[in-house]
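So the structure is just underneath, and the comments pick up after that.
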Amino acid sequence: MCKRPSRLSDAICRQLMRVRQQVKPVGLIPADGPPKAQELVESDPFAFLMAGCLDRGMPAEIIWGLPYCLKRVLGHLDPCRLAAMTEGEIRSDLYQLDKKPRYINAAPRTVSQVSQMVCKEFGGKAEALWHNTSARKVQDRLRQIYGVGPGIASMIVILLERLRWAHFEDLYDVNVKPDVHVQRVMYRLGLVDRMSEAEAICAARALSPHYPGELDTPLWWIGKHWCFDTNSECGKCPMDDLCPKRGLRETNL
Ligand code: SF4
């Protein structure tokens, strides 16, 4: 049973929406990262899709810079040329990157499968995967790719909507991606009674039934910038005035 929304949690949600407005759609590449990496994932649908499908177990800024780095090694980022490569060949190229995906043995399969899907099912155009269809269908397609679970599939749909690359009527079907940042911030804000994936999803669905996933970006952003695992910078956090700071006293000691 998930926690029922209260008057305070409604106010917290409204503030989270204000934070959401201030976050860049992808905005995951630090200023000292590859200067063209952000531009690539915001302009090339296939680069965006590849990074999204690999976004697991590593700092997002490394994963979202990976398509740019891989393009420099390959000299292209053509899904059909990648689809023609073996996983071993892709692995060799990934090994040449300064910052490699953590799951170096799983990543080539993901890159291969997303390339094959885009090339064979969508004519080489990644954007065809999400055009004129539902959020549910996009998530179902993404989950056919090796390594893409429901959290990553939700995250990609959320980012597509934020980038305005797609418009979905069924956003009620898109959950938060309940990673550690999202779970921790929800707990400290008092939106859940304990940190768990299921509670985070359930609470977000109760708080924002028309589009649960819209809470994902501000929660993640707050966890990444102010609300850390072992301490926090509440004075800089936009939730400071409303937050009950649950559990923080113990973790800050
Ligand atoms: S006010 Fe402090 S405890 Fe609350 S979300 Fe922000 S950083 Fe975390």
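Atoms within each ligand, like the ligands themselves, are counted from 1 in listed order.
- Within the structure, disulfide (SG to SG under 2.5 Å) pairs that include any residue of residues 74-181 comprise C80-C119 (at least two apart or interchain).
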### Task
For the pair Q116 and S112, evaluate side chain to side chain donor-acceptor pair (under 3.5 Å) and give the outcome as yes or no after the intermediate values.
CA-CA 6 Å; Q116 293 198 33; S112 176; 3.2 Å; yes
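- Side chains of R56 and T110: a donor on one and an acceptor on the other come within 3.5 Å.
- Sorted by first and then second residue, the ring pair (Phe, Tyr, Trp, His ring centres under 6.0 Å) pairs with a member in residues 136-179 read F48-W165; sequence neighbours excluded.
- Protein N/O/S atoms closer than 2.8 Å to atom 6 (Fe) of ligand 1: C237 SG.
- H76 is linked by a side chain to side chain donor-acceptor pair (under 3.5 Å) to nothing, counting only residues two or more places apart in sequence or in another chain.
- For ligand 1 and L248, the ligand atoms under 4.0 Å from any heavy atom of the residue are 3 (S).
- Q21 and R18 are not linked by any side-chain donor-acceptor pair at a separation below 3.5 angstrom, with hydrogens and angles left out of the test.
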